[in-house]
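One structure is given below, encoded as structure tokens.
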Amino acid sequence: MLRKENSRSYQEFNDEDDDEGITQSPDFFDDATEDLEHEEEEEEEPNGSISQAEDDIRESSPSMRFSKTCLKNVFTVVLIFIYLLLTAVAAFLAYQTISDFLDKLNHPVMSVTYKEVDSFPPPGIALYPGNAPLLSCNHYYHDYIPPLVDPGKPQKWDCVIEEVTYYGPFTNQTEKRALVVRGPSDVRNKELIFMQFSQNETEEDFSAITYMLFANFSELTDSANKSEFMRDCERNYSMWTFSGGFRTWVKMSLVRTSGKSDEAVEFRQESTVVKFNDKRPEPEQSNQLFFAVFEWRDPFMQEIKLIVTANAWNSVAILCGVFMALFKAANFAKLTIQWIIKMRKRHLRNKARELNQIS
């Protein structure tokens, strides 16, 4: 009889040790109530008597059982706190990942690259001289412009020029006359175009000639409606001016901008103004002269592209990891709560057993 009771007592402590090292199996926690009932049946004797050895063990077991239960409860609270902390961190990481992805998607970065070329497509130089006739237009190389011969008088030229008359895009009642000159293309040999205008207008306080640059001269010659083409160019490109009595040296650079759907081409320029030393006879000086030089600044074409740095696959991978962590944490919380319930039932059962023993 004593051997059977000792075996049962050993089994009781062994069950408690096993509870300390459980691996949180869902099946184990689901059968917690059945195990408790089974243990209660085993612990009851057929005749209801308790041996003297069991009484000695139980006299010393409440304090030890209380310390173990307290330690387990503290450990459980710490685990729950860690779970809540990890859950908060995972939720914040998911929110931050989605916010960063949307911000990068709506704000693409600008990528600037420079492409070196030997020659550019000849640009179109549209001039609006008004009443000022074109006296000369010549191509030169290596930045060399020979001295002027008979300035203010018509001379021979070797430029390709198209004259287009159209109505402005903003004022339909205003008719404009544009002289479109085929621009330089050989950037390696520093090809340039030198133009000379004259104007006999003494009533104006300021005199200037307006000009406009567009990407390719051949687009004008190949266009079926040149007037409409010039209207579109004036609508999309900027206008500049050069003044009379000076030589304006314009150095051009080409910029291509690629957006989300369209591609735009624009010119940037650096201009230098030099005063013209008029050596003509005084009666001829009333006829004001205009000089303009157009040249490429360098053989580099600037390309600007809008790049979306948001990578959907990286964001999806991060979110999958976060959600997996949340799922595991939720599973851990479920098993922890089941374990707490089991320990509570065990504590209440032991307390009731001690009360029954005293009574």
Side-chain angles (χ1 to χ4, degrees), residues 113-129 132-164 178-198 208-223 226 229-230 233 237-244 246-257 264-276 289-304:
T113 58
Y114 291 90
K115 180 180 179 181
E116 186 175 3
V117 296
D118 293 330
S119 62
F120 286 95
I125 305 172
L127 301 119
Y128 301 89
L134 177 63
L135 300 180
S136 66
C137 179
N138 299 96
H139 289 257
Y140 298 101
Y141 293 89
H142 306 291
D143 292 342
Y144 173 73
I145 299 177
L148 295 175
V149 178
D150 295 332
K153 295 181 181 180
Q155 300 176 10
K156 294 181 180 181
W157 65 65
D158 56 6
C159 296
V160 179
I161 299 176
E162 290 278 348
E163 184 173 352
V164 183
L179 295 178
V180 185
V181 181
R182 186 176 185 270
S185 61
D186 190 354
V187 64
R188 289 296 182 184
N189 293 320
K190 295 186 177 181
E191 180 186 5
L192 59 87
I193 289 181
F194 176 71
M195 289 181 285
Q196 180 182 176
F197 294 86
S198 67
I209 293 178
T210 303
Y211 68 94
M212 176 183 63
L213 303 174
F214 59 90
N216 201 330
F217 180 78
S218 61
E219 294 180 358
L220 173 65
T221 57
D222 298 339
S223 177
K226 297 181 179 180
F229 177 81
M230 291 303 300
C233 287
Y237 291 95
S238 301
M239 308 287 287
W240 292 282
T241 58
F242 57 91
S243 303
F246 297 91
R247 186 190 70 180
T248 304
W249 197 303
V250 180
K251 292 189 175 183
M252 307 172 292
S253 61
L254 190 63
V255 180
R256 295 184 182 273
T257 304
V265 178
E266 62 177 341
F267 281 89
R268 294 178 183 174
Q269 64 173 16
E270 297 177 359
S271 59
T272 304
V273 178
V274 180
K275 186 179 181 301
F276 170 61
L289 299 179
F290 300 79
F291 304 95
V293 181
F294 291 90
E295 180 188 7
W296 288 105
R297 186 182 65 179
D298 51 44
F300 296 99
M301 180 187 302
Q302 184 176 351
E303 295 182 351
I304 301 176

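Along the sequence shown, residues carry numbers from 1. Being a predicted model, the structure only gives us computed values, none of them experimental.
Ring-plane geometry between W296 and F120 is classed as parallel, the angle between the planes falling under 30 degrees on a 0 to 90 degree scale with a further cut at 60. Between F242 and F197, the ring-plane angle classifies as tilted under the 30° and 60° cut-offs. Aromatic ring pairs are classed by plane angle as parallel below 30°, tilted from 30° to 60° and perpendicular above 60°; the pair F276 and F291 is tilted. Using the six-membered ring where Trp is involved, Y237 and F267 have ring planes that are tilted, between 30° and 60° apart.
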Quiz item: Can you check side chain to side chain contact (heavy atoms under 4.5 Å, CB included) on F194 and L148, steps first, answer last?
Solution: CA-CA 11 Å; F194 176 71; L148 295 175; 3.8 Å; yes
Exercise for review: Would you sort out whether V273 and S243 count as a side chain to side chain contact (heavy atoms under 4.5 Å, CB included), showing the intermediate values?
Suggested key: CA-CA 9 Å; V273 178; S243 303; over 6 Å; no
- Task: Take V250 and I125, measure what side chain to side chain contact (heavy atoms under 4.5 Å, CB included) needs, and give me the verdict at the end.
- Result: CA-CA 11 Å; V250 180; I125 305 172; over 6 Å; no
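Side-chain contact between H139 and C159: present, with at least one pair of heavy atoms (C-beta onward) separated by less than 4.5 Å. No side-chain heavy atom of N216 sits less than 4.5 Å from a side-chain heavy atom of V265. Residues M212 and Y128 form a side-chain contact, since some pair of their non-hydrogen atoms from C-beta on lies under 4.5 Å apart. Side-chain contact between L135 and L289: present, with at least one pair of heavy atoms (C-beta onward) separated by less than 4.5 Å.
D150 contributes atom CG, which lies 11.0 Å from atom OG of S136 (distance to the nearest 0.5 angstrom). One finds the OG1 atom of T241 at 10.5 Å from the CZ atom of F290 (value rounded to the nearest 0.5 Å). The line from CZ of F294 to CE of M252 is 7.5 Å long, rounded to the nearest 0.5 Å. A distance of 11.0 Å separates CG of L192 from CG of D186, quoted to the nearest 0.5 Å. For the atom pair CD1 of I193 and CD1 of I145, the computed distance is 11.5 Å after rounding to the nearest 0.5 Å. Taken from CH2 in W240 to CD in Q269, the straight-line distance is 4.5 Å, to the nearest 0.5 Å.
In terms of heavy-atom proximity, F214 sits nearest to A126 at CE2-CB, 4.5 Å. In terms of heavy-atom proximity, G152 sits nearest to Q196 at N-OE1, 3.0 Å. The nearest pair of heavy atoms linking I209 to P129 is CG2-CA, 4.0 Å. Contact between V187 and D118 at its shortest, heavy atoms only, is CG1-O, 3.1 Å. A pairwise comparison of heavy atoms in S198 and P133 identifies O-CD, 2.9 Å as the closest pair. The two atoms that bring E295 and W249 nearest to each other are OE1-NE1, 3.0 Å, heavy atoms only.
Formation of a donor-acceptor pair under 3.5 Å by the S253 side chain with backbone atoms of R268 is found in this model. A donor-acceptor pair is defined here as one N or O able to donate and one able to accept, closer than 3.5 Å; such a pair exists between the side chain of E191 and the backbone of S185.
By the salt bridge (Lys or Arg N to Asp or Glu O under 4.0 Å) test, D298 pairs with no residue at all, sequence neighbours left out. Judged as a ring pair (Phe, Tyr, Trp, His ring centres under 6.0 Å), and not counting sequence neighbours, F217 has no contacts. The salt bridge (Lys or Arg N to Asp or Glu O under 4.0 Å) check on K115 picks up nothing, with sequence neighbours excluded.
Screening V180, L134, L127 for a side chain to side chain contact (heavy atoms under 4.5 Å, CB included) with I161, the sole residue that qualifies is L134.
Ion pairing of K226 with E163 is absent here, as no side-chain N (NZ or NE/NH1/NH2) approaches a carboxylate O to less than 4.0 Å.
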